[in-house]
Protein chains: 2
Amino acid sequence: MKPVKKIINEPQHVVSEMVDGLVRSYPQYLEKIPDTEAMVRSDKDSMTGKVGIVSGGGSGHEPSHAGFVGKGMLSAAVAGQVFTSPTPDQIYAAIKAADHGKGVFLVIKNYSGDVMNFDMAKDLAELDDIKVKSIIVDDDIAVENSLYTQGRRGVAGTVLMHKLVGAAADQGATLEEIEQLAQSALANIKTIAVALSAATVPEVGKPGFTLADDEIEYGVGIHSEPGYRREKIKTSKKLVTELLEKIEKNQPLKSDHQYAVLVNGMGATPLMEQYIFSHDLLDQLEDRQIKPVFMKVGNYMTSIEMAGVSLTIFDLVDNKWLEYLNYPVETIAW
Amino acid sequence: MKPVKKIINEPQHVVSEMVDGLVRSYPQYLEKIPDTEAMVRSDKDSMTGKVGIVSGGGSGHEPSHAGFVGKGMLSAAVAGQVFTSPTPDQIYAAIKAADHGKGVFLVIKNYSGDVMNFDMAKDLAELDDIKVKSIIVDDDIAVENSLYTQGRRGVAGTVLMHKLVGAAADQGATLEEIEQLAQSALANIKTIAVALSAATVPEVGKPGFTLADDEIEYGVGIHSEPGYRREKIKTSKKLVTELLEKIEKNQPLKSDHQYAVLVNGMGATPLMEQYIFSHDLLDQLEDRQIKPVFMKVGNYMTSIEMAGVSLTIFDLVDNKWLEYLNYPVETIAW
């Protein structure tokens, strides 16, 4: 096999070297939990008396999840191998590090491996008398059931969930209040993606799928899971129309509602294209008399070097949610 | 010509649509100056009584430069066409918008077109009795003279320059003090890049150069300008060794100095690889008894969807510079 064209050393060491690079580059935010690939906030004092928030999953989605560890957002994050769930013992270590007596809330993306391993970690923590509650994020409306997933997949909307529950925890919400918040918000967060090219897992050495030079695929997942349709490349305007209509079928867009929007780059798509997509999106929302009250554009939940974007629309049916989105944080990547 | 595989509409409209998308997505930071592709801070009050800081250049380097417009950093930014200098009238409009009676400082990357057009804009502004001073950033040590450049090119170190002069301006420094700061800092900022693949300008429709599947090029510029050597792909450790030694030949690395480091992704290189590169970099700096006191890793000065990284090392010979780097800002992308 010829060497994969990436800035790496041995493919089997990418995650450990990445985690070390991350914590060494940003010691003001992150500390590595010894003997794990889990990271905890280095400003431990600011977690005192508050519910801990833990997330994580397979690597390859950077800056998720460690980039969102910090005051006002996550307390700890666990990095599994590339596109592979972290092990229960590592998640358990993160829960212990995040617990300050008020319990720990887990934000889990809906993949069978993640759900199983976070659940086992929760059982271990409960044996230690740590109270644990969780939410399983399944915001991707592209398909029902998928490779690795029963039901819908968890994708970029997870980052908005981090923001909400992190803000609530920092403001002193209880574990039960955070669970309630997460459940009610989740029902209003919908995401859909389009891919222009695939990601290559370093240890695999070739792309997870193949698209022709002029071909795109709607609804692809963040681990190269198949989407719902392939087509010739379209204009940005037409991509927006397709994704917006797909979301609308799941969650009507109403001119008297307030919306938060996340336009998320999948890794290799330049900001130039993400801003053009955003321009077309704002036009088409305007056609529906909607002007988002909160918006972010950039790489938040990537799929290594996949090209493409995802669109997340969050219907802010509770006014408090906008306040949580705007609540100040100290993280690497928010 | 077959359609270029990008999320765009008409290739000739990418910049205007990008600028519109940007200001509409982030109205809390940016306002478009009417009839231009220039953007000014929307929190105008915070500029009162302070020197204005203006930068810009060809588009395709996002988040540079508009992503750094905001309190504590740039006052305005001008976006030229892709890889093309902005016109003097647009730069002049940005200078006028940034002027609050204390003069305006221009941060110009060293490309012949930029130098000429910013200079013409400066002349126009001076006719209006606006005091203008400037710095020409030429931090790229890869080659002397290049396509589009006499002397060395201006690349990612420009972002550190924005941070320094922006902080000084926000703290009330005079135009003369800012000029002095910029000149003394510039001599201590050195950058060098490695490319794994090339960028495609939308209107051109094909990559600016071609590398074989297993080939890399050291010293490539941010507009696909040739570098100094092509080789087979190397490990991250060896890439770090090459770039660090090249920097060391220009600026000795001393264990009793303090350094700031910017590891900059060129567009399509995932954060995973940038963190691995950072890990190897920190190891090799440690071999020299150096531990950076400030570090950033991410996409700051890109070249559309070029894959690769650049390394910037900033010798903090003045203690004040670290304070400026850590000074709080309100921008989209710092």
Side-chain angles (χ1 to χ4, degrees), chain A residues 2-10 14-15 17-22 24-26 59-60 62-63 67 82 194 196-197 202 213-214 216 232-233 235-237 239 261 263 267-282 295-299 302 304-305 307-309 332-333, chain B residues 2-10 14-15 17-22 24-26 59-60 62-63 67 82 194 196-197 202 213-214 216 232-233 235-237 239 261 263 267-282 295-299 302 304-305 307-309 332-333:
Chain A
K2 71 179 178 193
V4 56
K5 199 173 192 180
K6 288 177 181 283
I7 303 175
I8 61 171
N9 297 298
E10 294 299 314
V14 293
V15 174
E17 292 180 7
M18 170 183 77
V19 168
D20 282 347
L22 186 49
R24 292 170 73 191
S25 299
Y26 291 104
S59 292
E62 294 69 33
V82 180
V194 59
L196 278 69
S197 73
D213 271 1
D214 60 352
I216 58 168
K232 299 284 180 197
I233 176 79
T235 61
S236 169
K237 287 184 209 304
L239 297 180
V261 169
V263 172
T269 288
L271 282 172
M272 174 185 282
E273 297 174 39
Q274 297 180 41
Y275 292 138
I276 291 170
F277 180 93
S278 299
H279 175 59
D280 293 320
L281 172 68
L282 290 166
M295 187 150 175
K296 281 265 194 189
V297 186
N299 297 351
T302 62
I304 318 180
E305 81 284 53
V309 291
I332 298 167
Chain B
K2 71 180 175 190
V4 56
K5 199 174 192 180
K6 289 178 181 283
I7 303 174
I8 61 173
N9 297 298
E10 294 300 313
V14 292
V15 174
E17 292 181 7
M18 170 183 78
V19 168
D20 282 347
L22 187 48
R24 292 170 73 192
S25 299
Y26 292 103
S59 292
E62 295 67 32
V82 180
V194 59
L196 278 68
S197 73
D213 272 359
D214 59 353
I216 59 169
K232 298 284 179 197
I233 175 80
T235 61
S236 168
K237 287 184 209 306
L239 297 180
V261 169
V263 172
T269 288
L271 282 173
M272 174 184 282
E273 297 175 38
Q274 298 180 40
Y275 292 139
I276 291 171
F277 180 92
S278 298
H279 175 60
D280 293 320
L281 172 68
L282 290 167
M295 188 150 175
K296 281 265 195 189
V297 186
N299 297 351
T302 62
I304 319 180
E305 79 285 52
V309 291
I332 298 167

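Just so it is clear: chains get the letters A, B, ... in the order the sequence lines come, proteins before strands, and each one is counted from 1.
Heavy-atom distances place both the backbone and the side chain of B:Ile304 under 4.5 Å from chain A. Contacts between A:Val261 and chain B at a heavy-atom distance below 4.5 Å are absent for every atom of the residue. When heavy atoms are compared at a cutoff of 4.5 Å, A:Thr302 does not approach chain B at all. Proximity to chain B involves both the backbone and the side chain of A:Ile8, based on heavy atoms less than 4.5 angstrom apart.
Scanning all heavy atoms of the two residues, the minimum distance from B:Ser59 to A:Met272 falls at CB-CE, 4.3 Å. The shortest non-hydrogen separation linking B:Ser25 to A:Val297 is OG-CG2, 3.7 Å. Closest of all the heavy-atom pairs between B:Tyr26 and A:Met295 is CE2-O, 3.8 Å.
Atoms CD and CD, from A:Glu273 and B:Glu17 in turn, are 12.0 Å apart once rounded to the nearest 0.5 Å. With values rounded to the nearest 0.5 angstrom, B:Asp20 atom CG is found 5.0 Å from A:His279 atom NE2.
Partner of A:Ile276 under the side-chain contact (heavy atoms from CB on, under 4.5 Å) criterion, chosen from B:Leu22, B:Ile7, B:Val19, B:Asn9: B:Asn9.
Counting heavy-atom pairs under 4.5 Å between each of A:Thr269, A:Leu239, A:Val14 and chain B puts A:Val14 at the top. Chain B forms the most heavy-atom pairs under 4.5 Å with one residue out of A:Ile332, A:Asn299, A:Asp280, and that residue is A:Asp280. Among A:Thr235, A:Leu196, A:Val309, A:Leu271, the residue with the largest count of heavy-atom pairs under 4.5 Å with chain B is A:Leu196. Contact tally against chain B (heavy-atom pairs below 4.5 Å) for A:Ser236, A:Gly308, A:Gly60: the top residue is A:Ser236. Comparing A:Pro270, A:Gly298, A:Pro63, A:Gly267 by heavy-atom pairs within less than 4.5 Å of chain B, the highest count is held by A:Pro270.
A:Glu305 meets the salt bridge (charged side-chain N to carboxylate O under 4.0 Å, His left out) test with A:Lys6; sequence neighbours excluded.
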